[in-house]
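Remember, it's 1-based here, ligands and their atoms both numbered in the order they're listed.
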Amino acid sequence: MTDLPVVIGDIEKFSIVDYPEHIAAVVFLQGCPWRCPFCYNTSLQKIGAQPESDWTEQKLLTFLERRKGILDAVVFSGGDPLVHDGLPDLMDKVKALGYKIGLHTGGFRPEMLKKLVDKIDWAGLDIKAPLEAEKYAKATGGYKLTENILQSLDILLTSSKSFECRTTCDPRLLTVDDIFTIALTLKEKGVKEYYLQKYRPIPTDKNTTEEECLALIENKELIDFLQKSFAKFEVRK
Ligand code: SF4
């Protein structure tokens with residue numbers, strides 16, 4: 001995975017939920033190495049695919065030039081932005097326009113995160129499952145290199161950057177005990193912000209019930225533990 005240029009899959013021009021307490025544009029980059037069973041962005045998964053949108057790097061920069069004073073931040077999301085070798089350069093150009101830089105990532109490529117961590121102002125790191133090879137593979141469609149996720153977490157922890165960890169609570173993949181395990185790992189590492197995200201069944205999932213989706217995120221013992229363990233914790237529905 002080398003020399004991949006930045007390919008923009010789509011852009012959300014105005015968001016108040018993708019960067020804490022900031023108004024942001026979200027740049028969805030094309031390409032992701034994973035195949036999470038709960039993915040809502042499957043059109044962005046294929047690496048090297050030509051996206052349906054006509055967004056180019058120049059069109060993005062022109063758009064951001066015009067939005068100065070309206071938007072505070074630009075969040076690079078995906079796919080997984082760490083796929084793209086040209087990302088640090090694009091971040092520099094966006095930063096030069098005066099924007100704060102956000103990053104949404106699964107942390108699969110720590111060497112790229114290391115290159116750009118000084119450029120970002122905030123990051124959201126997905127922790128898909130307990131950091132055990134088989135469980136991670138189940139949640140990501142085959143990815144077992146949990147060491148890479150731990151390295152990415154360590155890069156963020158040792159930086160001065162604000163960041164959160166979050167887990168999508170898909171009851172087909174995770175149990176309450178799994179969330180306890182993830183939370184214990186994060187707590188021991190010194191993570192301050194952790195969020196649970198409700199699973200919204202993807203269109204092809206006709207079996208998972210609302211009750212099952214809520215069972216994980218409404219488990220009282222779990223929620224009490226998470227509230228005590230992190231300076232900031234919330235369930236996102
Ligand atoms: S990491 Fe994100 S974009 Fe990639 S497959 Fe998983 S949910 Fe989809």
Worksheet entry | Metal check, atom 4 (Fe) of ligand 1 vs Cys36 N/O/S, cut-off below 2.8 Å | no
Worksheet entry | Taking atom 8 (Fe) of ligand 1 as the reference point, the nearest protein heavy atom with its distance | Cys39 SG, 2.3 Å
Worksheet, complete the sentence: atom 3 (S) of ligand 1: closest protein heavy atom, distance to 0.1 Å, is Gly79 N, 3.5 Å
Worksheet item: Should Lys189 and Asp154 be marked as a salt bridge (charged side-chain N to carboxylate O under 4.0 Å, His left out) after you check the CA-CA gap, both sets of side-chain angles, and the distance that decides it?
Response: CA-CA 8 Å; Lys189 283 273 183 190; Asp154 284 341; 3.1 Å; yes
Practice prompt. Provide, to 0.1 Å, the distance between atom 4 (Fe) of ligand 1 and the closest protein heavy atom, together with that atom's residue and name.
Written response: Cys32 SG, 2.3 Å
Worksheet entry | Within 45° cone and under 6.0 Å: Arg166 NZ/CZ vs Tyr194 ring | no
Worksheet entry | Closest approach of any protein heavy atom to atom 2 (Fe) of ligand 1, naming residue and atom | Lys128 NZ, 4.0 Å
Worksheet item: From Leu71 CG over to Lys13 NZ, what is the distance, rounded to the nearest 0.5 angstrom?
Response: 10.5 Å
Item to complete: With sequence neighbours left out, write down each residue that passes salt bridge (Lys or Arg N to Asp or Glu O under 4.0 Å) with Lys138, or none if nothing qualifies.
Response: none
Item to complete: Give the numbers and elements of all ligand 1 atoms closer than 4.0 Å to a heavy atom of Trp34.
Response: 1 (S), 5 (S)
Discussion item. Walk me through whether Asp224 and Lys228 qualify under salt bridge (charged side-chain N to carboxylate O under 4.0 Å, His left out).
Written reply: CA-CA 6 Å; Asp224 285 350; Lys228 283 181 197 141; 5.4 Å; no
